[in-house]
Amino acid sequence: MTELWIVRHGQTDWNVQGRYQGQADQPLNAVGLAQASAAAAKLQGRRFAAIYSSDLQRARVTAEVIAAALGMPVLVDRRLREVNQGEWE
């Protein structure tokens, strides 16, 4: 049986402001980086076959922090991006 774990990206300033991010490439803020580190600590010692991420930096950086703690690469795939939300972004 395949098991899928989904981890949401850490916080960005747009999350705090309640703004739609869609495909806008917003970076993690300090809280978001701390959240990524906390997720990495929680996942430490677990075994995964692969770590995938969208190419948007908020997701990619979150995945890279976790992957570094697990000694794994991140497989970046643009198709994993959040849906484009047009003018709402």
Side-chain angles (χ1 to χ4, degrees):
M1 177 170 72
T2 300
E3 191 172 321
L4 177 66
W5 288 53
I6 298 174
V7 177
R8 187 175 191 272
H9 62 76
Q11 184 184 82
T12 70
D13 288 341
W14 280 24
N15 290 132
V16 175
Q17 297 166 8
R19 294 178 64 178
Y20 288 100
Q21 294 181 104
Q23 292 186 9
D25 201 10
Q26 296 302 305
L28 297 178
N29 61 21
V31 171
L33 289 169
Q35 290 169 334
S37 293
K42 292 273 188 185
L43 296 172
Q44 193 95 31
R46 294 199 178 266
R47 295 183 52 109
F48 295 95
I51 297 174
Y52 291 89
S53 173
S54 95
D55 63 335
L56 296 175
Q57 63 180 314
R58 62 184 178 269
R60 184 181 40 77
V61 170
T62 300
E64 287 171 349
V65 170
I66 293 168
L70 299 176
M72 297 179 67
V74 175
L75 303 170
V76 177
D77 190 329
R78 187 179 197 281
R79 296 173 298 173
L80 296 173
R81 282 183 169 200
E82 187 171 340
V83 26
N84 185 316
Q85 297 181 14
E87 290 182 26
W88 287 354
E89 294 178 20

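Keep in mind that this is a model prediction, so the values were computed, not measured.
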request  = Could I get the full list of side chain to side chain donor-acceptor pair (under 3.5 Å) partners for Asn29, not counting sequence neighbours?
outcome  = Gln11, Asp13
query = Linking I/L/V/M/F/W/Y whenever any side-chain heavy atoms sit under 4.5 Å apart, do Ile66 and Met72 land together?
reply = yes
task = Look at the side-chain heavy atoms of Ile, Leu, Val, Met, Phe, Trp and Tyr, link any pair under 4.5 Å apart, and say whether Leu70 and Val76 land in one connected group.
result = yes
ask   = Between the side chain of Glu64 and the main-chain N/O of Val74, is any donor-acceptor distance below 3.5 Å?
value = no
inquiry  = Could you see if Trp14 belongs to whatever hydrophobic cluster contains Trp88? Use Ile, Leu, Val, Met, Phe, Trp, Tyr and a side-chain cutoff under 4.5 Å.
reply    = no
Atom CZ of Phe48 with >12 non-hydrogen neighbours under 6.0 angstrom = yes
key: Spacing of Arg60 atom CZ and His9 atom NE2 [to the nearest 0.5 Å]   = 13.5 Å
ask   = Restricting to pairs with a member in residues 68-85, which pass salt bridge (charged side-chain N to carboxylate O under 4.0 Å, His left out), not counting sequence neighbours?
value = Asp55-Arg81, Arg58-Glu82, Asp77-Arg79
inquiry  = Quick one, Gln26 and Asn15 - any side-chain contact, counting heavy atoms below 4.5 Å?
reply    = no
inquiry  = Test your reading of the model: is there a side-chain donor-acceptor pair from Thr62 to the backbone of Ala36, 3.5 Å cut-off?
reply    = no
query = Which residues satisfy the side chain to side chain donor-acceptor pair (under 3.5 Å) test with Gln21, sequence neighbours excluded?
reply = Thr12
key: Co-membership, hydrophobic cluster, residues Leu80 and Val83, 4.5 Å side-chain   = no
key: Minimum heavy-atom distance Val61-Leu33, with the two atoms named   = CG1-CD2, 3.9 Å
